[in-house]
Colleague: 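Before I ask anything, let me first share the structure, which is written out below as structure tokens.
Each chain gets a letter, A, B and so on, in the order its sequence line appears, and its residues count up from 1.
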Amino acid sequence: MLDLNNIKVNKEDIEKKYRERGAEILLDSIIELDAERRRCIVKSDELKHLKKEVSREIGVIQKSGQLPADKIEHMKEISQQIKELDTLLDELEVKIREQLLFLPNIPHESVPVGKEASDNREIRRWGNPPVIKFQPKTHIELGTSLGILDFERGAKIAQTRFTLSKGIGARLERALINFMIDIQTRKFHCIEVLPPFLVNRTSMEGTGQLPKFEIDLFKTQDPELYLIPTAEVPLTNIFYDEVLLLSQLPVYLTAYSPCFRKEAGTYGAETRGLIRQHQFNKVEVVKIVTPDTSYDELEYLTGQAEEILRRLNLHYRIMSLCTGDLGFSAAKTYDIEVWCPGQNSFVEISSCSNFEDFQARRARIRYKPAPKAKPEFVHTLNGSALAIGRTVVALLENYQQEDGSVIIPEALLPYLDGVNKIEKNEGMF
RNA sequence: GGAGAGGUACCGAAGUGGUCAUAACGGGUCCGCCUCGAAAGCGGAUUGGCUCUUCACGGGGCCACGUGGGUUCGAAUCCCACCCUCUCCGCCA
């Protein structure tokens with residue numbers, strides 16, 4: 001959510017930034033609504049002031065045994081007027097809030113201007129693609145023939161785009177979760193959290209999934225709760241409507257969670273395989289920081305995700321998303337794309353974003369810069385470290401052998417009791 | 001699921017229809033005085049939002065007693081709905 005005062009003062013600027021995002025959004029109506037709102041407040045406050053005074057007088061007079069009928073009549077009128085004004089005020093505030101909630105964040109000045117994914121800017125690369133002297137298979141072929149991934153039965157049990165991991169495949173995912181969380185807690189000092197996987201509407205609004213992206217979310221009824229599309233939602237909302245002390249910042253959090261996404265409108269693209277699923281596992285990092293540090297923190301955060309890929313020795317590149325490709329709530333985002341030989345392309349495996357005060361404003365997360373100072377909004381960041389399913393894709397495709405087996409990289413051996421190779425299991429159902 | 005109790009400032013808690021919620025009272029925390037130093041004591045400070053005014057410093061007004069409605073000239077106080085917490089019973093991983 002943007003600051004209304006900022007909108008008033010920098011209207012032209014913000015409209016220009018939105019155009020760079022590919023959105024033609026005019027801010028005149030919201031500014032006019034706000035002006036009307038403030039006119040209403042002035043009138044209403046004056047009447048309330050009067051009401052207070054007269055009400056006090058009535059109390060005094062009645063105490064002395066008299067009945068101030070004229071004043072009571074007067075009060076009826078005042079109360080009626082206040083009621084009407086406040087009703088109008090409510091309507092205005094609802095309208096303003098509705099509009100504000102649909103305004104995307106403003107891209108940071110360092111974000112490359114562009115229309116679509118092809119305009120994203122490559123920042124750096126690490127490592128090299130593996131040398132594979134045969135026709136590489138996809139993770140779908142590998143996983144199915146090894147008996148560790150079962151797409152058909154996943155679809156049978158639930159629906160298409162739900163997958164079953166079996167045997168060493170399931171164990172590999174569990175190992176990856178522990179491996180990633182251990183790095184984030186031990187090396188990067190994150191606090192580990194195991195959050196609720198269902199959240200209420202308010203939380204979804206706090207981080208910006210709602211009201212605009214209802215169509216992408218799974219929802220329960222009675223009670224109405226939403227399945228989280230990322231642990232970012234419960235983690236960031238931990239501090240919903242709280243005022244933190246400066247000494248409490250920064251807060252670094254990490255959590256494993258399954259993620260549930262409807263992926264509306266993506267059928268036809270990547271319907272097969274692990275890359276686009278309705279449910280997948282992910283380890284997420286969330287940072288709550290002071291505004292002056294958030295861009296440094298974005299760089300560190302990206303490094304925290306990179307660390308995992310380096311330890312797994314997977315080739316990747318960092319992309320700075322262009323204005324047109326940026327997510328709704330983000331001011332700046334780095335995507336990390338891992339090389340996948342079976343896809344013969346880079347695949348997004350992490351997305352690290354600085355939201356500045358966009359989410360903080362929605363979720364009212366503030367801090368006191370000094371003991372007596374007014375609370376100010378924090379900056380929030382989050383990044384995947386990493387998406388587990390896609391890490392499995394990368395491992396299978398990068399470490400595949402000619403005979404269809406897959407070598408496990410050394411960093412994971414402690415998490416797999418030394419199992420260093422996935423081979424075909426004839427006994428697997 | 002059934003029965004009951006409760007939600008007021010950093011914490012405990014009073015207030016059950018008016019005339020100060022900058023919220024009694026107690027505690028905590030911070031600052032000052034006192035002291036060689038400390039304790040005690042004394043004095044002061046200690047929620048947030050909206051808005052008007054001012055170049056600014058500052059000053060004024062309004063709102064908030066879990067949330068939202070209602071009754072009333074007037075609601076923390078009465079009524080309704082919802083949310084949350086606690087106790088007991090039942091059920092349960």
Colleague: Does B/G41 have a Watson-Crick or wobble partner in any strand here, with both distances under 3.5 angstrom, and which is it?
Modeller: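 Result: B/C33.
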Colleague: A/Ser55 near the nucleic acid: base, sugar-phosphate alone, or nothing, with a heavy-atom cut-off under 4.0 Å?
Modeller: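 The residue A/Ser55 makes base contact.
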Colleague: Let me know the distance between CG of A/Leu47 and C1' of B/C63, rounded to the nearest Å.
Modeller: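 Nearest whole value for this atom pair: 15 Å.
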Colleague: Find the partner of B/C62: check Watson-Crick (N1-N3 plus N6-O4 or O6-N4) and G-U wobble (N1-O2, O6-N3) distances, both under 3.5 Å, and reply none if neither fits.
Modeller: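 Because both required distances fall under 3.5 Å, B/C62 counts as paired with B/G49.
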Colleague: The side chain of A/Ser79 lies closest to which of these nucleotides: B/U51, B/C62, B/C73?
Modeller: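 From the listed options, B/C73 comes nearest.
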Colleague: Rounded to the Å, how far apart are A/Gln81 CD and B/G74 P?
Modeller: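 Going from A/Gln81 (CD) to B/G74 (P), I get 13 Å.
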Colleague: For A/Arg366, which contact category applies under a 4.0 Å heavy-atom criterion: base, sugar-phosphate, or nothing?
Modeller: sugar-phosphate
Colleague: Hey, does the Lys NZ or Arg CZ of A/Lys212 hover above the aromatic six-ring of A/Phe102, less than 6.0 Å from the centre and inside 45° of the axis?
Modeller: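 No, a cation-pi geometry is absent between A/Lys212 and A/Phe102.
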Colleague: Assess the pair A/Tyr295 and A/His379: is the distance between their ring centroids shorter than 6.0 Å?
Modeller: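 Ring-ring flag for A/Tyr295/A/His379: false, centres at least 6.0 Å apart.
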Colleague: Would you kindly give the NZ-to-P distance between A/Lys43 and B/C50, to the nearest whole Å?
Modeller: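 Between P of B/C50 and NZ of A/Lys43: 22 Å.
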Colleague: Check the side chains of A/Tyr334 and A/Glu306 for a donor-acceptor pair under 3.5 angstrom, ignoring hydrogens and angles.
Modeller: no
Colleague: Would you classify A/Ile41 as touching base, sugar-phosphate or nothing, given that sugar-phosphate means primed atoms plus P, OP1 and OP2, and contacts are heavy atoms under 4.0 Å?
Modeller: sugar-phosphate
Colleague: Which nucleotide in the list B/C52, B/C73, B/G74 gets nearest to the side chain of A/Ile72?
Modeller: B/C73
Colleague: What does B/G1 pair with, Watson-Crick or G-U, if both distances are under 3.5 Å?
Modeller: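 B/C89 - that is the nucleotide pairing with B/G1, both distances being under 3.5 Å.
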Colleague: Considering every strand shown, what is the Watson-Crick or G-U wobble mate of B/U77 when both distances are under 3.5 Å?
Modeller: none
Colleague: Rounded off to whole Å, could you give me the CG-to-P distance for the A/Asp90 and B/U67 pair?
Modeller: 15 Å
Colleague: At 4.0 Å (heavy atoms only), tell me whether A/Arg364 reaches a base, stays on the sugar-phosphate, or touches nothing.
Modeller: nothing
Colleague: Hey, is A/Asp216 close enough to A/Arg261 for a salt bridge, meaning N to O under 4.0 Å?
Modeller: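 Between A/Arg261 and A/Asp216 there is no salt bridge, as every charged N stays at least 4.0 Å from the carboxylate O atoms.
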Colleague: Between A/Arg56 and B/C20, is there a contact of a side-chain N or O with OP1 or OP2 at under 4.0 Å?
Modeller: no
Colleague: Separation of A/Ile82 atom CD1 from B/C50 atom P, in whole Å?
Modeller: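 About 21 Å, once rounded to whole Å.
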Colleague: Among the candidates B/G74, B/U19, B/G61, find the nucleotide nearest to the side-chain atoms of A/Met75.
Modeller: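 Within the option list, the nearest is B/G74.
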Colleague: Quickly work out the A/Asp241 CG to B/G66 P distance and round it to whole Å.
Modeller: 15 Å
Colleague: Provide the Watson-Crick or G-U wobble partner of B/A14, both distances under 3.5 Å; none if there is no partner.
Modeller: none
Colleague: Below 30° counts as parallel, above 60° as perpendicular, anything between as tilted: where do the rings of A/Phe162 and A/His278 land?
Modeller: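 Ring orientation, 0 to 90° scale: tilted.
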Colleague: Who is the Watson-Crick or G-U wobble partner of B/C57, with both distances under 3.5 Å?
Modeller: none
Colleague: Would you please confirm or rule out a distance under 4.0 Å between OP1 or OP2 of B/U71 and any side-chain N or O of A/Lys83?
Modeller: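 Checking A/Lys83 against B/U71: at least one side-chain N or O falls below 4.0 Å of OP1 or OP2.
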Colleague: Considering only B/G69, B/C73, B/C62, which nucleotide approaches the side chain of A/Lys52 most closely?
Modeller: B/C62
Colleague: Rounded to the nearest angstrom, tell me the gap between atom CD in A/Glu77 and atom C1' in B/G74.
Modeller: 16 Å
Colleague: Among A/Leu249, A/Val251, A/Val243, which residue meets the side chain to side chain contact (heavy atoms under 4.5 Å, CB included) test with A/Val378?
Modeller: A/Leu249
Colleague: Between B/U72 atom C1' and A/Lys76 atom NZ, what is the distance in whole Å?
Modeller: 10 Å
Colleague: Of the options B/C73, B/C62, B/G48, whose atoms approach the side-chain atoms of A/His49 most closely?
Modeller: B/C62
